[in-house]
Amino acid sequence: MVERRKFERYELRVPAKVETLAREAGRKKLSLKTANVCAGGAYFSTPKALTEGTKVRLESVLTFNGQKSLRDTKNARVRILGTVMRSQKDGMAI
């Protein structure tokens, strides 16, 4: 199998809220955790993945407790618009 990834992946479990943006199908809100992340996206383990091409809004809060490089910051809220690029029976890549 040929490796097609452009970015290194990191095993990282981060809670995230995923909300679909499709108006005609009704909005869905999911509370998930990442299975791995990279500079180009994230993979989420879920028993029911969204359809490929679905536009989504991701929101996550990263905790920086104990990090000396970030002054006066304990948390960072990350909001990203994305697209489901790959959908499998056990998860999806956004």
Side-chain angles (χ1 to χ4, degrees):
M1 185 160 97
V2 176
E3 179 62 50
R4 297 183 303 170
R5 291 183 179 145
K6 296 178 185 177
F7 306 106
E8 185 175 355
R9 291 217 171 251
Y10 298 94
E11 299 277 329
L12 187 61
R13 307 288 185 268
V14 177
K17 304 274 187 205
V18 178
E19 180 181 3
T20 61
L21 298 178
R23 290 185 182 136
E24 62 279 352
R27 291 195 176 183
K28 295 180 185 175
K29 293 182 182 182
L30 307 168
S31 293
L32 303 172
K33 283 191 179 183
T34 59
N36 60 59
V37 297
C38 75
Y43 188 83
F44 295 86
S45 296
T46 179
K48 187 166 178 157
L50 298 171
T51 306
E52 288 181 16
T54 301
K55 303 289 185 196
V56 297
R57 177 183 299 121
L58 292 156
E59 184 172 322
S60 186
V61 176
L62 304 176
T63 302
F64 298 111
N65 291 333
Q67 298 292 324
K68 294 179 183 177
S69 62
L70 298 170
R71 289 183 267 159
D72 301 326
T73 303
K74 294 193 187 323
N75 299 311
R77 183 176 306 268
V78 179
R79 292 181 180 147
I80 302 168
L81 296 177
T83 303
V84 176
M85 300 304 291
R86 190 174 73 252
S87 185
Q88 299 174 275
K89 65 178 180 178
D90 64 340
M92 61 186 165
I94 297 176

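Values below: all heavy atoms of this structure, side chains included; hydrogens, waters and symmetry mates excluded.
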key: Pairs meeting criterion salt bridge (Lys or Arg N to Asp or Glu O under 4.0 Å) with involvement of residues 38-59, two or more places apart   = E19-R57, E59-R77, E59-R79

Reference residue I94; test side chain to side chain contact (heavy atoms under 4.5 Å, CB included); the match among V18, I80, T83 = V18

key: Audit row: V61, V78, side chain to side chain contact (heavy atoms under 4.5 Å, CB included) steps and yes/no   = CA-CA 6 Å; V61 176; V78 179; over 6 Å; no

message = Just so I know, are the side chains of Q88 and Y43 near enough to count as touching, which here means a heavy-atom distance under 4.5 Å?
response = yes

Residue pairs fulfilling salt bridge (Lys or Arg N to Asp or Glu O under 4.0 Å) with at least one residue in residues 81-94, sequence neighbours excluded = none

task = Kindly compute the distance separating OG (S45) from NZ (K33), expressed to the nearest 0.5 Å.
result = 11.0 Å

task = Report the residues that fulfil side chain to side chain contact (heavy atoms under 4.5 Å, CB included) with T34, sequence neighbours left out, ordered by chain and then residue number.
result = V14, V37, A42, F44

ask   = Does L21 sit in a hydrophobic cluster with other residues, and if so which ones, taking ILVMFWY side chains as linked at heavy-atom separations under 4.5 Å, directly or through other members?
value = L81

ask   = Listed by chain and number, what are the side chain to side chain contact (heavy atoms under 4.5 Å, CB included) partners of T54, not counting sequence neighbours?
value = T20, L50, T51, V56, V84

remark   = Residue set satisfying side chain to side chain donor-acceptor pair (under 3.5 Å) with K17, at least two apart, ordered chain then number -> S31

task = Work out which heavy atom in G91 is nearest to a heavy atom in A49; give both atom names and the distance.
result = O-CB, 3.4 Å

key: Counterpart residues, side chain to side chain donor-acceptor pair (under 3.5 Å), relative to E11 (two or more places apart)   = none

